[in-house]
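Report on the following structure.
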Amino acid sequence: QVQLVESGGGLVQAGGSLRLSCAASGLTFSNYALGWFRQAPAKEREFVARIGWSNGFAYYADSVKGRFTISKDTAKNTVYLQMNSLKPEDTAIYYCAAGLHTTRSDGYDYWGQGTQVTVSS
C-alpha cells in the first residue's frame with residue numbers, strides 16, 4: 001500500500017521560510033518522480049516542483065524558481081520542499097505526489113492528504 005504523508009505546513013509571515021516533508025512508503029521508488037503541487041481556494045491545483053528519485057533531477061514552476069528547493073533523502077524515503085522568501089500568493093494546500101516526470105497532475109498516481117501553508121502579509 002502506497003502512502004505519502006506530508007508535514008511541515010503552518011502560518012508564516014511574508015518573507016519567511018517553511019520546510020515541507022513528504023514521507024513515502026510502498027513505492028518502487030526508482031520508477032517514480034516525487035512532486036509537489038498546491039491548490040489555493042477557488043483555484044486549480046498547480047505544479048510546484050518535482051524530483052526524479054533515481055537521478056535527482058529537479059524541475060520547478062517559474063513562480064517558485066529561485067525561492068523553493070526540492071530535495072530527497074533516499075535513506076529516509078522522504079522528499080522535502082524548502083520554501084524561502086514566501087509570499088501571500090504562496091498560500092495554499094500543498095500536496096506531495098508520486099508519478100511520472102511531468103508537470104501535469106494527471107501524471108501522478110499517488111497523492112498525500114495535503115498540508116496547509118498560510119503566508120500573512
Side-chain angles (χ1 to χ4, degrees):
Q1 182 181 0
V2 176
Q3 280 194 317
L4 301 174
V5 180
E6 303 100 332
S7 61
L11 173 64
V12 64
Q13 288 188 333
S17 298
L18 282 174
R19 188 177 80 155
L20 305 183
S21 300
C22 172
S25 60
L27 288 171
T28 304
F29 287 95
S30 60
N31 296 339
Y32 286 92
L34 274 293
W36 287 96
F37 288 77
R38 66 186 182 187
Q39 189 165 17
K43 292 189 176 181
E44 292 190 355
R45 190 170 296 189
E46 66 171 353
F47 169 79
V48 175
R50 73 169 193 264
I51 188 166
W53 195 262
S54 295
N55 60 18
F57 177 77
Y59 185 80
Y60 299 91
D62 288 343
S63 59
V64 306
K65 203 172 294 182
R67 300 188 298 123
F68 291 11
T69 302
I70 189 170
S71 62
K72 62 183 176 69
D73 184 331
T74 54
K76 296 181 178 179
N77 290 342
T78 299
V79 175
Y80 302 99
L81 185 69
Q82 178 67 43
M83 306 185 295
N84 298 329
S85 301
L86 282 161
K87 305 175 182 180
E89 51 263 43
D90 293 318
T91 295
I93 299 174
Y94 283 70
Y95 297 91
C96 176
L100 301 174
H101 294 256
T102 178
T103 60
R104 293 171 55 96
S105 60
D106 60 4
Y108 289 76
D109 298 319
Y110 303 103
W111 293 83
Q113 81 288 352
T115 186
Q116 177 70 48
V117 171
T118 302
V119 184
S120 63
S121 57

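Note that this is a predicted model, so its numbers are computed, not measured.
A donor-acceptor distance shorter than 3.5 angstrom exists from the side chain of Glu6 to the backbone of Gly114, with no hydrogens or angles considered. Side-chain N or O atoms of Tyr32 include none that pairs as donor or acceptor with a backbone N or O of Gly52 at under 3.5 Å. Without hydrogens or angle criteria, Thr91 side chain to Val119 main chain gives a donor-acceptor distance under 3.5 Å.
Under the ring pair (Phe, Tyr, Trp, His ring centres under 6.0 Å) criterion, Tyr60 pairs with no residue at all, not counting sequence neighbours.
With contacts defined as side-chain heavy-atom distances shorter than 4.5 Å, the pair Asp90/Arg67 qualifies. Using a 4.5 Å heavy-atom threshold, the side chains of Gln39 and Ser105 count as separate.
Closest heavy-atom contact between Ser120 and Leu11: CB-CD1, 4.4 Å. Scanning both residues, Asp73 and Trp53, for their nearest heavy atoms gives O-CH2, 4.1 Å. Ala33 and Leu100 make their closest contact through CB-O, 3.7 Å (heavy atoms, listed as atom of the first residue, atom of the second, distance). For the pair Cys96 and Leu34, the tightest heavy-atom approach, listed with the atom from each and the gap, is SG-CD1, 4.2 Å. Between Ala98 and Leu27 the shortest heavy-atom distance is CB-CD1, 3.8 Å. Closest of all the heavy-atom pairs between Gln116 and Ala92 is NE2-O, 3.4 Å.
The existence of a salt bridge linking Lys65 and Asp62 is confirmed by a sub-4.0 Å separation between a basic side-chain nitrogen and an acidic carboxylate oxygen.
Hydrophobic clustering, with ILVMFWY side chains joined whenever heavy atoms are under 4.5 angstrom apart, keeps Tyr95 apart from Ile51. Hydrophobic clustering places Leu4 together with Val48 (ILVMFWY residues linked when any side-chain heavy atoms are closer than 4.5 Å, directly or through intermediates). A continuous path of hydrophobic side-chain contacts links Ile93 to Trp111 [ILVMFWY only; heavy atoms under 4.5 Å].
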Which donor-acceptor pairs under 3.5 Å do side chains of residues 77-84 form with protein atoms, sequence neighbours excluded?
from  : atom 1 : to    : atom 2 : distance (Å)
Thr78 : OG1    : Lys76 : O      : 2.9
Gln82 : NE2    : Asn84 : OD1    : 2.9
Asn84 : OD1    : Ser17 : OG     : 2.9

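The ring pair (Phe, Tyr, Trp, His ring centres under 6.0 Å) test with Tyr108 singles out one residue from Phe37, Phe47, Trp36, and that residue is Phe37.
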